[in-house]
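As structure tokens, the structure follows; a few thoughts come after it.
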There are 4 protein chains.
Amino acid sequence: MTPAIAPDIAVVPRSHTAKRLSIIDAAACVFCREGFAGANIDLIAAEAGVSRQTVYNHHGDKENLLVAVVREITERINAGVFDTLATFPDKPVDLEADLVAFAVRLNQNCICNRDGKFLRKLLHTEGERYPALFAGWREDGPAKTWAALAARFARLAHAGWLEIDDPDVAARQFLALVNADLQMAMIFGDTVSEEQLRTAATNAVRCFLRAYGKPRPAAI
Amino acid sequence: MTPAIAPDIAVVPRSHTAKRLSIIDAAACVFCREGFAGANIDLIAAEAGVSRQTVYNHHGDKENLLVAVVREITERINAGVFDTLATFPDKPVDLEADLVAFAVRLNQNCICNRDGKFLRKLLHTEGERYPALFAGWREDGPAKTWAALAARFARLAHAGWLEIDDPDVAARQFLALVNADLQMAMIFGDTVSEEQLRTAATNAVRCFLRAYGKPRPAAI
Amino acid sequence: MTPAIAPDIAVVPRSHTAKRLSIIDAAACVFCREGFAGANIDLIAAEAGVSRQTVYNHHGDKENLLVAVVREITERINAGVFDTLATFPDKPVDLEADLVAFAVRLNQNCICNRDGKFLRKLLHTEGERYPALFAGWREDGPAKTWAALAARFARLAHAGWLEIDDPDVAARQFLALVNADLQMAMIFGDTVSEEQLRTAATNAVRCFLRAYGKPRPAAI
Amino acid sequence: MTPAIAPDIAVVPRSHTAKRLSIIDAAACVFCREGFAGANIDLIAAEAGVSRQTVYNHHGDKENLLVAVVREITERINAGVFDTLATFPDKPVDLEADLVAFAVRLNQNCICNRDGKFLRKLLHTEGERYPALFAGWREDGPAKTWAALAARFARLAHAGWLEIDDPDVAARQFLALVNADLQMAMIFGDTVSEEQLRTAATNAVRCFLRAYGKPRPAAI
DNA sequence: AATGAATGAGCATTCATTCAT
DNA sequence: CATGAATGAATGCTCATTCAT
């Protein structure tokens with residue numbers, strides 16, 4: 001009955017973790033759609049494919065479940081943002097093209113994807129009521145990613161690609177520009193095409209470079 | 001029962017309209033704080049200083065009340081935006097200073113005030129679920145205000161103050177930049193100081209002008 | 001619309017108070033039958049002939065309802081005990097007969113009646129879990145009634161009818177004897193006949209007088 | 001699976017019976033604390049140090065478990081009472097001292113101990129609802145112990161130590177007096193000191209002997 | 001228009017009980 | 001025998017909505 005192959009050792013925990021994850025995903029989905037108060041635990045359970053009891057066994061409480069969801073999502077988002085930040089064009093060939101590609105990745109992987117949408121909605125619906133819920137995210141998320149992005153801009157400035165007074169401000173502005181054309185779509189849940197992503201990124205980067213770009217640095 | 005004397009005509013309707021307004025204000029407040037599902041009609045009634053029945057007499061239904069709230073708020077917001085747009089510096093003296101003042105007004109009167117916050121929250125919490133609710137706003141709001149702002153930019157460009165390819169894009173970018181520094185504060189309901197408003201506007205306008213400004217047009 | 005006759009003035013409050021009382025009575029009944037945990041608020045409401053909401057409007061909470069029940073019952077019991085104490089034979093003609101009559105009244109009006117049964121059951125089922133609930137009762141009930149009864153015995157002793165060392169002990173013993181024959185019946189909710197009451201009282205008083213009675217005091 | 005060697009025979013059954021007992025003890029404890037309806041099988045299992053399944057394996061049902069608890073406790077109580085009855089002073093030297101010692105033992109071993117408390121609570125909480133549960137106890141318990149005690153008193157009376165009309169009544173009264181001073185403490189679960197026990201017993205016996213004692217019989 | 005009650009639905013949560021591993 | 005999940009029924013409580021006064 002118990003085969004000798006290793007993977008099975010992981011079977012029970014896997015199903016456990018898998019259930020945990022599917023619960024959190026379903027909960028995120030329902031919380032976003034209906035808000036915390038409007039979310040129905042039975043619906044979450046059904047959407048996760050588990051019984052109501054399992055939800056309670058795993059998370060004990062609706063509020064607890066929200067906490068777990070926020071934690072999970074913010075962790076994923078943070079990880080995604082840092083991954084994407086790592087693709088920032090430190091030694092660009094064609095700065096505009098590189099920044100556009102970067103902006104597209106940012107939108108695709110962090111802002112316009114499922115998790116990004118969840119986080120944004122949760123922030124707006126519950127951010128003011130449970131600030132503590134998002135305190136961790138603020139510290140590990142924006143506080144650090146904005147600084148990291150600012151550092152990249154500062155390096156580009158130092159290398160002669162950009163002309164920037166305050167890299168922090170520039171970083172926030174870059175992100176604001178990158179989102180400028182997509183906000184409405186995301187609020188109403190419209191699906192965003194690749195082309196829209198690219199256009200938005202291009203618009204943003206062009207504006208950004210008109211503001212802060214320098215006539216390409218002297219090549220050595 | 002309805003006497004013919006004038007005073008009464010004023011008294012009853014006034015209190016009627018006043019109640020209507022206070023109900024809508026209270027409802028807006030509670031809907032934003034608690035979300036539609038979490039909002040309690042008794043609480044709204046209490047916060048409006050009227051009885052539950054009066055709420056039903058006026059609006060008939062929770063959903064109806066939401067509709068009324070959205071209508072009222074979007075109307076106010078739209079009016080405010082157009083009022084503020086009217087203060088756009090068409091014939092600027094000091095373009096940067098004029099744009100900064102404009103941006104401050106925009107934030108102060110349309111985006112960071114009570115109604116702006118309400119609309120933003122409602123958009124995020126209910127926008128995806130009841131897109132129809134906001135269809136009117138989209139048409140009368142962003143669609144027109146963005147165009148109007150784009151037209152102003154186009155005129156400035158034509159007058160030699162700006163160098164713009166696509167005024168629509170520039171308008172969206174201007175708005176995005178104006179909000180860049182304040183989003184987090186607004187999500188968490190922090191109070192925003194005058195100075196923060198001014199700094200945010202200054203940052204935004206500087207970036208915008210670095211991107212699209214021209215060495216002041218030749219004065220005649 | 002408002003008739004001049006007095007009774008009507010009391011109509012609304014009456015129904016309110018009447019409902020309050022019927023809720024408490026029903027709750028007492030159900031709490032005793034099923035215990036606090038087993039009591040079903042819907043059942044209480046039904047038994048009281050009101051809607052569930054009315055129960056919540058009046059008492060807010062299951063626990064609160066229990067508190068109200070205990071308060072009401074202990075008040076009634078205390079009042080009944082003091083009323084009965086007032087019938088204690090201070091200047092007896094036939095001491096035995098007088099004490100028997102007193103004991104019968106005590107059992108009938110305070111111990112074997114509905115309220116007495118309720119209080120006893122609540123004491124046993126919830127006394128250890130919510131001692132605070134009954135703190136008031138202990139102070140205003142036993143503490144005072146025992147003392148009052150002891151005082152009566154002391155006076156009888158002083159008048160030469162009894163020979164008592166410690167009136168407090170005697171009072172407790174009198175009560176214990178009065179109940180000796182009825183405990184089992186009350187635990188199982190058997191109905192107690194008048195005759196049983198009288199026999200129990202007679203047995204108790206005979207024992208008590210054999211222990212503490214004096215060969216009738218010298219008549220003047 | 002079940003080896004033929006003796007030790008195992010002892011081990012498995014022992015643990016089995018031990019578990020059975022610890023389940024019943026835990027159940028008794030929880031039933032008394034929370035009442036039947038409020039008792040949680042998981043809690044009982046945890047308190048017994050076994051798994052929920054084991055509880056079901058042993059007793060099959062919550063109601064069944066209650067039956068087992070009542071059976072066990074009443075058996076223990078009955079056994080205890082008869083053991084104590086066996087220590088009744090049949091040929092007393094100092095009747096008062098002997099009866100006091102007997103009363104102390106009675107309280108200590110049968111009434112104020114864990115089982116006594118459990119039985120009393122169960123009687124009050126479930127006695128009226130499930131009279132059948134306690135039918136066995138009534139027959140094997142009070143019916144017999146009261147008779148046995150009455151017989152002892154009758155013998156003492158015959159031997160000239162007591163003067164009693166109805167030994168049954170005297171037996172009930174003795175028990176009532178013995179408990180008079182401790183009821184309140186037991187209802188609220190207060191711990192009862194040795195001294196309190198002795199005082200209560202002394203008070204009771206003094207009263208009893210004043211009522212029924214005779215100037216010590218002439219020694220032969 | 002306000003107040004209090006009622007109705008009926010909904011929902012979070014608990015729990016007894018069973019099943020598979 | 002333990003663990004964890006599942007099922008299904010309760011149950012406390014809230015709430016939208018209506019009605020009567």
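Sequence lines set the chain letters: A, B, ... in the order given, protein chains first and strands last, and positions in each chain run from 1. Not measured: the values here are computed from a predicted model.
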Q: Would you mind listing every salt bridge (charged side-chain N to carboxylate O under 4.0 Å, His left out) that reaches into residues 48-57 of chain A, with sequence neighbours excluded?
A: A:D42-A:R52

(Q) Going by the rule salt bridge (charged side-chain N to carboxylate O under 4.0 Å, His left out), which residues pair with D:E128 if we only count those two or more places apart in sequence or in a different chain? (A) C:K117, C:K121

**Q.** Whole-Å gap separating C1' (E:dA12) and CD (A:E34)
**A.** 16 Å

Q: Give the ring-plane orientation class for B:Y130 versus B:F36, where under 30° counts as parallel, over 60° as perpendicular and anything between as tilted.
A: perpendicular

Q. Rounding to a whole Å, what distance do you find between A:N57:CG and F:dT3:C1'?
A. 11 Å

Under 3.5 Å, side-chain donor or acceptor atoms of residues 68-75 of chain C against the rest of the protein: list the pairs with distances, not counting sequence neighbours.
unit_1	atom_1	unit_2	atom_2	d
C:E72	OE2	C:R76	NH1	3.2
C:T74	OG1	C:V70	O	2.8
C:T74	OG1	C:R71	O	3.0

Q) So what does B:H58 touch, heavy atoms closer than 4.0 Å: a base, only the sugar-phosphate, or nothing? A) nothing

Q | Nearest atoms (heavy-atom pairs only) where B:E34 meets B:A39 | A | CB-N, 3.9 Å

Q.
Please convert DNA chain F into dot-bracket. A pair counts if it is Watson-Crick or G-U wobble with both distances under 3.5 Å; crossing pairs go in [ ] and bases paired with another strand get |.
A. .||||||||||||||||||||

Q: Kindly write out the residues that satisfy side-chain hydrogen bond (donor to acceptor under 3.5 Å, both in side chains) with D:S22, not counting sequence neighbours, or none if the list is empty.
A: none

**Q.** Phosphate OP1/OP2 of F:dT3 contacted by A:H16 side-chain N/O (<4.0 Å)
**A.** no

Q. Reading nucleotides 13-20 of chain E 5' to 3', which nucleotides get B (base under 4.0 Å from a protein heavy atom), which S (sugar-phosphate only), which -?
A. BBBSBBB-

Q.
Using whole Å, what does the distance between atom C1' of nucleotide F:dT11 and atom CG of C:L65 come to?
A. 15 Å

Q) F:dG12 C1' sits how many Å from C:L43 CG, rounded? A) 14 Å

Q | Check: A:V55 main-chain N/O paired with A:K19 side-chain donor or acceptor under 3.5 Å | A | no

Q: Say whether, by atom type as modelled, one donor and one acceptor occur between the side chain of C:R33 and the main chain of D:R129 under 3.5 angstrom.
A: no

